[in-house]
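Residue numbers begin at 1 in each chain, while the letters A, B, ... track the order of the sequences. Since the model is a prediction, treat every value here as computed from it, not as a measurement.
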Amino acid sequence: PDSSEDEAPEEVAFGVAKEAAEIERKLVGEAARRDRELLKEKRRRRQELFTEQKVRGPFTYATVLSPCGRTVLPPHLTSLSLAETEASPRGRPTGAVCSTARTVRGRSGRAGGAGMSIGNYMAVCLKDQSVTGLHQQLAKDFLNTQLYGPGTNRVQANEFFSLENKKNPVKKAAVQFVDKSWG
Amino acid sequence: MGEFEVHRVRFFGLVPAGVRCLAYQRRAGRLALARTDGAVEIYNFGANYFQEKVIPGHETRSVEALCWVTGDRLFGAGLSGDITEYDLARLCVSHSVDGCGGPIWSMEANGSGTQLAIGCEDGSVKLFQIVPGGIQFERNLDRRKGRILCLSWHPSGSHIVAGSIDIFHVLDVSSGLTVQTVMVNYHVQKVKRECIVWSIAFLSSGTVITSDSFGRVQFWDWEQGTVQESYTVSASSALSLAVSESEDSLIVGTSSGATYQFQLLPVKMDSQEKRWVRTKPFQYHTHDVRAVAHSSTALISGGLDAQLVIRPLMEKVGKKSYDVALRKFTFPHRRLVSCAKKARLLLFQFSQHLELWRLGSTEETGKDGEVLHLCRMPEHLVQLKSKGPEHIYCSCVSPCGSWVAYCTASRFHLCRVQCEGNSISIKKVPKVPKLLLPAYQLQFSSNSRRLFIASARGSIHVLQLLEPGGCTHLHTLQPPSGSPEAVYLLASSTDGLWLAAVGGDWVIHVYDLKYFKHHCTVPTYNCAVTALAIHPLINTLVIAYSDQQLFEFSILKKKYTSWSRMVQQRGLHKAWLERDAPITHITFNPKKPSHILLHDLYMFCILDKSLPLPKNSTLLMNQNTLKQLPETARKQELHAFKICKKFQPLLFADLLDENCLVVVERPIMDFKTQLPLPIQQKKFGT
């Protein structure tokens, strides 16, 4: 039996309780307001992007992966805010879907992002490397688990070959590798 | 015969890659083999199982299936999702097509070799048409949930059976629909883990055979969806399955390295009713047998222990002879070691790097069999890493030890090596001539001034090496009537005047290097050449063939020497002809002109042409017997073949100078520890 249940509730002054409730209301109100603002901002940005895309037309840009792995931004990705410009190259390499090379319209560029090249150039979409890589990795993991995972009764090399030595007509000593990392 | 100081080298850390796929082509008697590192090899069964072609691997290439199709074309497919055709003349990838189904687990050609079916990660079975120059996507068959790990065509081409996890489907090829789905696990009580159907076969009778991760081989009536017979052959997975063309015998490979033969035998004598019965068990492998094949006369298995095992079936071959002998191959049939004799350097070729070592030295002398202490240890001088994902085709170090060359599928590298006391520097030669790559063999001239590059279509490029570190293209030698095949062996004379070359068509051409013209062609002998060398003093070409025959051809006289004709007339000793491994290197002793040094994987031999040939009735390997005889009796027993079997497996042997030999061994145990883990073997009493 919980002894606290027999006790009367705490006595709190009315004023204190009122203040506490006030503060809480304010905080919740502010949080809600912040959320609304954020949502508004997001919607506004998306609207801007759509209007811009309508003007630009579909698939008129692509990011090019330079040999050292940094993304080179086409000059006309200027209407997006800096945060988004930096975010999109990271997302873009995995999402590139167009399969032909397109000449990018060279507009005056703005310095920023990971690296810029100004003027006309050829942008080429690469085969979706990361998705293929992911599939391949999943497949390899499946194979590994099935052949070498738990329940497969695998054994270290020295134990395996020691058994051979014991089974041989001429019995030999168990195998002990000088290099312990060999098993 | 002589005493030699032997440098016994065991620091070549070669780890052969495991065998992953096998595909036997009955018409040509050839076996295609794919390894876990992506390398593809062709073994010619008719030429004494010689490894006649090697296509080196690639970092990103994984081969899960290998198929021969019509026109002797070879296709492979793997987890990268591509279907690749291999150019067997140019020994490289011919082209690749994306299967568009994710990783490809299985691929099979139909009976006529005109279509390919692939089983994909996304659960689809796709059909491709074989067209000249490539393949063309035909259509998708019904796609189901679950990756297609194995598939098999019905011999008539009407249906395809596809194995997945816990189930297998039967698809009607013309409609593309799944006509039957059979659960392979339904009758197993309390199933906790899934049953992987690793391999599947479809017989003309309609019987479907599956091998699964529970170690079972099951025979199914697919129309009824019932199991006819179920055999548990192993506690570990039954990974691979192959049925003979006559459909009365099959081989199963398991994770424990054991293989089993099943045969369709009459229930009683003279009975019409037949049943599949497990007949022979074999334990030739220590690791998983992921690939098996069945020729009309032999059971073939390939394991992750890098062994290819061919077990001829006595009842199919007939007479009890060497033809029925078990054949096991682990190491390549070509040299991976080159030696700079003067500088006492060895160059080891790995799949993606080279190692240059300096041999140790000793001040001591000793008696036969004694081990001498080294005053200077062997030194690993340099490791040359090949940039990029491509594996190395060939490599060579010059006799003086100051040039190293190697080649991958798309790049040729030439480097200058400078040894000053204890420091060593390697400088890449910047501008190498643009050549059609890959190159298949590299050979420096004996004065280290020229480099010979064996190339496609029978041609050989001659490069002039310049000080301090450059080269120019001098000439390209070509056979008179052209050849579609690549040159794979070269031999140059010590005086720099002659070059012998042999290509995939097995024709040996001799070129005059003074005037850069074709000199003559050695009479055709219908077998693969395994080693070639030109005598330093008398300019005779010594040739070893894969059927263990030896010939000596005089370059100046353009005909076989009298000794060679005598050998052919008398015939070589039976024990010589019944050796399992091909001769991979021939060399000479300049101080003893009548000696020829040759070796295979299990022995090296000093052939003394001045001594009589052994008769079949005498012992071939008689060195030990001779040692015990007194001097006078020895002279009567001496014959030309002085064979030493002390050093095995022998990857390389050469004469450094008249009293010094170097032998490179790779004990099997030394690399077994670096293979994937084997299955625990439970044995009674242990």
Side-chain angles (χ1 to χ4, degrees), chain A residues 65 67-69 94 96-100 124-183, chain B residues 20 36 60-62 64 78-82 98-105 120-122 146-147 149 165 192-196 198 212-215 234-237 239 255-257 283 286-288 290 304-305 668-686:
Chain A
L65 286 171
C68 58
T94 56
V97 288
C98 58
S99 55
T100 55
V124 183
C125 276
L126 306 169
K127 180 174 168 179
D128 211 343
Q129 289 298 328
S130 73
V131 178
T132 322
L134 182 65
H135 281 155
Q136 206 169 338
Q137 195 53 51
L138 284 172
K140 283 188 185 154
D141 290 343
F142 164 77
L143 201 56
N144 254 331
T145 318
Q146 290 303 326
L147 289 180
Y148 299 100
T152 48
N153 206 19
R154 296 281 169 179
V155 77
Q156 290 293 332
N158 77 330
E159 201 183 315
F160 182 81
F161 291 110
S162 299
L163 202 60
E164 278 215 3
N165 285 348
K166 297 295 181 197
K167 280 179 335 166
N168 276 339
V170 178
K171 308 268 179 282
K172 289 184 262 188
V175 174
Q176 267 273 311
F177 294 116
V178 175
D179 184 348
K180 293 286 175 244
S181 68
W182 282 14
Chain B
R20 177 61 192 89
T36 52
T60 62
R61 195 190 307 156
S62 95
E64 295 292 316
L79 299 183
S80 63
D82 298 317
D98 187 358
C100 296
I104 301 172
W105 289 98
C120 305
E121 172 81 351
D122 67 358
R147 43 176 62 101
L149 291 167
I165 301 169
K192 284 199 189 114
R193 54 190 170 114
E194 47 197 8
C195 179
I196 314 290
W198 284 116
D212 61 33
S213 56
F214 288 164
S234 174
S236 59
S237 295
L239 295 171
S255 255
S256 63
Q283 183 79 44
T286 53
H287 288 66
D288 306 52
R290 292 203 70 192
L304 292 188
D305 55 2
I668 304 258
M669 197 57 156
D670 286 4
F671 73 79
K672 287 250 170 160
T673 53
Q674 293 171 62
L675 298 173
L677 299 179
I679 293 271
Q680 182 165 59
Q681 307 267 6
K682 281 257 174 278
K683 290 289 165 184
F684 180 77
T686 56

Note to self: How long is the straight-line distance from CG of Asp288(B) back to OG1 of Thr152(A), given to the nearest 0.5 Å?
What the structure shows: 9.0 Å

Next item on the list: Check whether any side-chain heavy atom of Arg290(B) lies under 4.5 Å from a side-chain heavy atom of Leu147(A), and answer yes or no.
Entry: yes

Next item on the list: Could you list the residues that satisfy salt bridge (charged side-chain N to carboxylate O under 4.0 Å, His left out) with Arg61(B), not counting sequence neighbours?
Entry: none

Notebook entry, point to check: Taking the side chain as C-beta and beyond, is there a heavy-atom pair between Phe160(A) and Lys672(B) under 4.5 Å?
Noted result: no

Notebook entry, point to check: Rounded to the nearest 0.5 Å, how far apart are CD of Gln146(A) and CG of Leu149(B)?
Noted result: 8.5 Å

Check: Taking C-beta and beyond as the side chain, do Phe142(A) and Glu121(B) meet within less than 4.5 Å on heavy atoms?
Finding: no

Next item on the list: Answer with side chain, backbone, both or neither: which region of Ile196(B) has an atom nearer than 4.5 Å to a non-hydrogen atom of chain A?
Entry: side chain

Checklist line | Asp212(B): salt bridge (charged side-chain N to carboxylate O under 4.0 Å, His left out) partners, not counting sequence neighbours | finding: Arg216(B)

Checklist line | Region of Thr60(B) in contact with chain A, defined by heavy-atom distances below 4.5 Å | finding: backbone

Next item on the list: Measure distances from Ile104(B) to the heavy atoms of chain A and classify the residue's part below 4.5 Å as side chain, backbone, both or neither.
Entry: neither

Next item on the list: Report yes if some heavy atom in the side chain of Ser236(B) is under 4.5 Å from a heavy atom in the side chain of Arg154(A); otherwise report no.
Entry: no

Next item on the list: Mind checking the OG1-CD spacing from Thr673(B) to Gln156(A)? Nearest 0.5 Å is all I need.
Entry: 10.5 Å

